[in-house]
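In what follows, chains carry the letters A, B, and so on, assigned in the order in which the sequence lines appear, proteins first and then strands, with residues in each chain numbered from 1.
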Number of protein chains: 2
Amino acid sequence: MASSKTSARGEAKTTVSPGAVRDAALTLFAERGYHGTALSQIADALGIRTPSLYNHMKAKQDLLRDIIVETSEQVWAEHEQAVHGVGDVVERLRRTARVYALRHATHRREALIVNRDVASLDEPVRSDVLELRRRHAHAIRDLIEEGVTAGRFTEEEPTLAAFGILEMCVSIARWFREDGPQSAEAVAETYSRYALRIAGLN
Amino acid sequence: MASSKTSARGEAKTTVSPGAVRDAALTLFAERGYHGTALSQIADALGIRTPSLYNHMKAKQDLLRDIIVETSEQVWAEHEQAVHGVGDVVERLRRTARVYALRHATHRREALIVNRDVASLDEPVRSDVLELRRRHAHAIRDLIEEGVTAGRFTEEEPTLAAFGILEMCVSIARWFREDGPQSAEAVAETYSRYALRIAGLN
DNA sequence: CCTACCGATCGGTAGG
DNA sequence: CCTACCGATCGGTAGG
């Protein structure tokens, strides 16, 4: 994912790949935001000149689009996989929250960009991404409602609870450190317990 | 807070105040981010030319600084006021979450800017703001620990729980609508219940 | 992968 | 409050 030699400053052979450009964009967009990042900064990080970036991408907006669209689709696919074939509604909510929390600990840069810069996406892509996110929130709301009907949960505001669960997990990307005291898995486990509490687990 | 006549397009008397500039900046920064907003767009919204903005402010960065610093200080002051003189630790956590949630429903633009653009603040202001936020998280963590010691809460990861509570409340600014089905007060009440559940209220 | 260069726009100033 | 204008930088292209 990085350039083939050491990055920055242009010493040594700097041969870059589309993946390396994307990786540099991930880091810089996550740190400074899409509009706060200049292509010259991405080029600097790779040790090449700005125009050379165009050997690996079509436009700055395409970098953002690829990052956000692929991430959003992966998130939804992970959710579907996590609940597939699971009968118990409590376990389905637990897994939904755990996989979402885990992703936000392990893909911090992607998560920060999706949540900060989705408004910088051109249409119609922006609407597609927002629709995917709505679907996720609705899926959680439906899980809570199903659990309430089944007498497993007690929460009477499933929509508010769904937003709370989703955004609480998103926030992991903002404070989690790989070298911190807790592993990504441990944090995901803890936050999935919080999700069940918010739903009012009996 | 708006210009003295109708805004935009420059018809009629457009007499602007510093408060009107700040209000336009609040709306546009919240929508597009600090780096995504040009001073020309703020001027357009007010129906004046870009250089005329400098009658009401010193620099674009100062707009951001004023918004973020004042908001952060108000948030901390509200927290202190909310818990002042309250003995019961459960009630203190409830009030902490409620006042924080309420603010994020009633001051959505400010909250979005603080959380999205704090990284765009020049030093040393950025560090000061981040320090205030850390203090808030620590206060919540301490409340949970105190409640656990007193046998009122059961949560064994007070730091993770504190982040979860804080960020869950922050997220209200992202989806709350004034004309939605729930009042700001109702949402704040509901989210303060979630906060107690996360803490593991006995 | 580079140099050279493009028009557009940025935040901001001069001067009235 | 305006017009006129500044240097810097933006994303992107030409051409090799």
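Rounded to an integer number of Å, the gap from CG of B/L53 to P of D/dC1 is 9 Å. When the C1' atom of D/dC10 is taken as reference, atom CZ of A/R32 falls 15 Å away, rounded to whole Å. Atoms CG (B/L63) and C1' (C/dG11) sit 12 Å apart, rounded to a whole Å. Per the geometry, CG belonging to B/D122 stands 14 Å off P belonging to C/dG11, to the nearest Å.
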Inset, instruction - Determine, step by step, whether A/R108 and A/E178 satisfy the side chain to side chain contact (heavy atoms under 4.5 Å, CB included) criterion, reporting the C-alpha distance in whole Å, the side-chain angles of both residues, the deciding distance to 0.1 Å, and the verdict. - result: CA-CA 10 Å; A/R108 293 182 54 238; A/E178 280 178 47; 5.8 Å; no
Legend entry - Test log, rule side chain to side chain contact (heavy atoms under 4.5 Å, CB included), inputs A/L196 and A/F153: CA-CA 8 Å; A/L196 296 182; A/F153 299 140; 4.3 Å; yes
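Helical stems involving DNA chain D, defined as 3 or more consecutive Watson-Crick or G-U pairs under 3.5 Å, span C:1-16 with D:1-16.
Comparing A/N55 and A/Y34 by the nucleotide of DNA chain D that holds the closest heavy atom to each, the one mapping nearer the 5' end is A/Y34.
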Identify each donor-acceptor pair in which a side-chain atom of residues 155-164 of chain A lies under 3.5 Å from a protein atom, sequence neighbours left out, and give them as a table.
unit_1, atom_1, unit_2, atom_2, d
A/E155, OE1, B/R197, NH1, 2.8
A/E155, OE1, B/R197, NH2, 3.1
A/E155, OE2, A/E157, N, 2.9
A/E155, OE2, B/Y194, OH, 2.8
A/E157, OE1, B/Q182, NE2, 2.8

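A salt bridge is absent between A/R94 and A/D88; no separation between the charged side-chain nitrogens and carboxylate oxygens falls under 4.0 Å.
Side chain of B/K60 to backbone of B/T37: a donor-acceptor contact under 3.5 angstrom is found.
With C/dG11, D/dC2, C/dC2 as the candidates, the nucleotide lying closest to the side chain of A/I48 is C/dC2.
Across A/E31 and B/A119, no two heavy atoms sit closer than the pair O-CB, 4.0 Å.
Rounding to the nearest 0.5 Å gives a distance of 16.0 Å between NE2 of A/H35 and CZ of A/R32.
Side-chain atoms of B/S127 and B/E123 include a donor-acceptor pair closer than 3.5 Å.
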What nitrogen or oxygen pairs link the protein and nucleotides 12-15 of chain C at under 3.5 Å?
unit_1, atom_1, unit_2, atom_2, d
C/dG12, OP2, B/Y54, OH, 2.9
C/dG12, OP2, B/K60, N, 2.8
C/dG12, O5', B/Y54, OH, 3.1

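Distances shorter than 4.0 Å separate none of the side-chain N or O atoms of A/S40 from OP1 or OP2 on D/dT9. A/H35 has no side-chain polar atom (N or O) that falls below the 4.0 Å cut-off from OP1 or OP2 of D/dC10. In this model, the phosphate group of C/dC1 is not approached by any side-chain N or O of A/R49 to a distance below 4.0 Å at OP1 or OP2.
Considering B/Q74, B/H79, B/E110 in turn, B/Q74 is the only one that fulfils the side-chain hydrogen bond (donor to acceptor under 3.5 Å, both in side chains) rule with B/R103.
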